[in-house]
Structures are given as C-alpha cells and as structure tokens.
Amino acid sequence: MPVTGPRAGDRMPDLECVREDGCRTRLHAEIGSRWALLPLDASTDFAVVTHRHLGEAATAVLTTTPTSPLATGKGKALLVRPDGHLAWTGTSPATLDG
C-alpha cells in the first residue's frame, strides 16, 4: 500500500488551522517554541497523550480547515516539531504514547 501524505521528517506546509479557542491561525504561526498536534478527527485521545509527554503549554492542538489537503486523513494525527518538520503520524494514541 503506497504511503500518502507527509511522512516523519518532512517539512510541513504552512496550513490554515483553527486553535482550540476557535480562532483561525496558520501552522507556522503556532510553532517555533512549541509543538503542534493536528488530530484529523474529533478524538481527544491524541491530545491527552501529547500533553502528558510534552506538557500543555508546550503543545498547540490545532484542527485543519475542511479545505486543507490533510482533511481526508480522518482517524490520523500529526505531531509537528517546533522546527516545522513532522515528528510523528499515525492512527493510534497508544502508538504515540510509546
């Protein structure tokens, strides 16, 4: 099965996103000194795991807009490093926890 979408180590594009407070933002505006979690569905399990390992203040939880090229990745989550590169992508909070 071919890999679709960004892979770990890839530089992430500056996506249009929405913060937890509902404000629109850009991915690269939210990173720099912190990580960004992009859960591509409504699951909060990814955020719980990320906050446990990285801390709440060090992690921005963002959602992508419906027009995002990543909007078709339902069930997945992406963890973006402060330098804008993808650290992890997957479909299981348990895998992220490991």
Side-chain angles (χ1 to χ4, degrees):
M1 176 181 223
V3 175
T4 59
R7 294 183 294 177
D10 288 352
R11 174 93 172 139
M12 290 295 295
D14 191 17
L15 302 169
E16 184 176 353
C17 298
V18 179
R19 292 192 313 234
E20 288 179 294
D21 64 7
C23 291
R24 289 187 171 276
T25 188
R26 305 284 307 179
L27 175 62
H28 291 183
E30 297 297 321
I31 59 176
S33 63
R34 58 190 186 154
W35 296 73
L37 175 68
L38 294 152
L40 302 180
D41 64 15
S43 172
T44 60
D45 295 339
F46 290 109
V48 169
V49 170
T50 304
H51 287 155
R52 182 172 53 241
H53 287 282
L54 300 173
E56 237 175 282
T59 310
V61 177
L62 309 168
T63 55
T64 57
T65 61
T67 58
S68 167
L70 300 176
T72 59
K74 299 300 180 202
K76 288 180 69 174
L78 302 147
L79 183 61
V80 182
R81 299 184 325 218
D83 66 2
H85 290 265
L86 184 61
W88 178 88
T89 183
T91 58
S92 168
T95 303
L96 176 59
D97 200 22

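This chain uses plain numbering: 1 for the first residue, then up along the sequence.
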Interatomic distance, [X] atom [atom1] to [Y] atom [atom2] [nearest 0.5 angstrom]:
{"X": "Phe46", "Y": "Thr91", "atom1": "CZ", "atom2": "OG1", "value": "6.5 Å"}
{"X": "Leu79", "Y": "Leu38", "atom1": "CG", "atom2": "CG", "value": "9.0 Å"}
{"X": "Thr59", "Y": "Leu37", "atom1": "OG1", "atom2": "CG", "value": "7.5 Å"}
{"X": "Trp88", "Y": "Leu96", "atom1": "CH2", "atom2": "CG", "value": "4.5 Å"}
{"X": "Arg24", "Y": "Arg19", "atom1": "CZ", "atom2": "CZ", "value": "12.5 Å"}

Give every residue pair that meets the salt bridge (charged side-chain N to carboxylate O under 4.0 Å, His left out) criterion with at least one member in residues 83-98, sequence neighbours excluded.
->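 Qualifying pairs, neighbours excluded: Arg52-Asp97, Arg81-Asp83.
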
Polar side-chain atom of His51 near backbone of Ala57 as donor-acceptor pair, under 3.5 Å |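 Checked: no pair found.
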
May I ask you to decide if Pro93's main-chain N or O and Asp45's side chain share a donor-acceptor pair within less than 3.5 Å?
->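 Not at all, since once roles are kept as given, no pair shorter than 3.5 Å links the two residues.
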
Work out which heavy atom in [X] is nearest to a heavy atom in [Y]; give both atom names and the distance.
{"X": "Pro39", "Y": "Leu62", "value": "CD-O, 3.2 Å"}
{"X": "Val61", "Y": "Ala47", "value": "CG2-CB, 4.1 Å"}
{"X": "Ala58", "Y": "Arg34", "value": "O-CB, 3.0 Å"}
{"X": "Gly9", "Y": "His85", "value": "O-ND1, 3.0 Å"}
{"X": "Pro6", "Y": "Leu78", "value": "CG-CD2, 4.2 Å"}

Just wondering, do Met12 and Leu27 contact through their side chains at under 4.5 Å, heavy atoms?
->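 Yes; the side chains approach each other to less than 4.5 Å.
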
Crowding at CD, Glu16 (>12 non-hydrogen neighbours, <6.0 Å) =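 Yes, enclosed.
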
Connected via hydrophobic side-chain network under 4.5 Å: Leu15 and Val18 =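 No, Leu15 does not connect to Val18 through the hydrophobic network.
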
Would Glu30 and Arg26 pass as an ion pair if we require N to O under 4.0 Å?
->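 Salt bridge absent between Glu30 and Arg26.
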
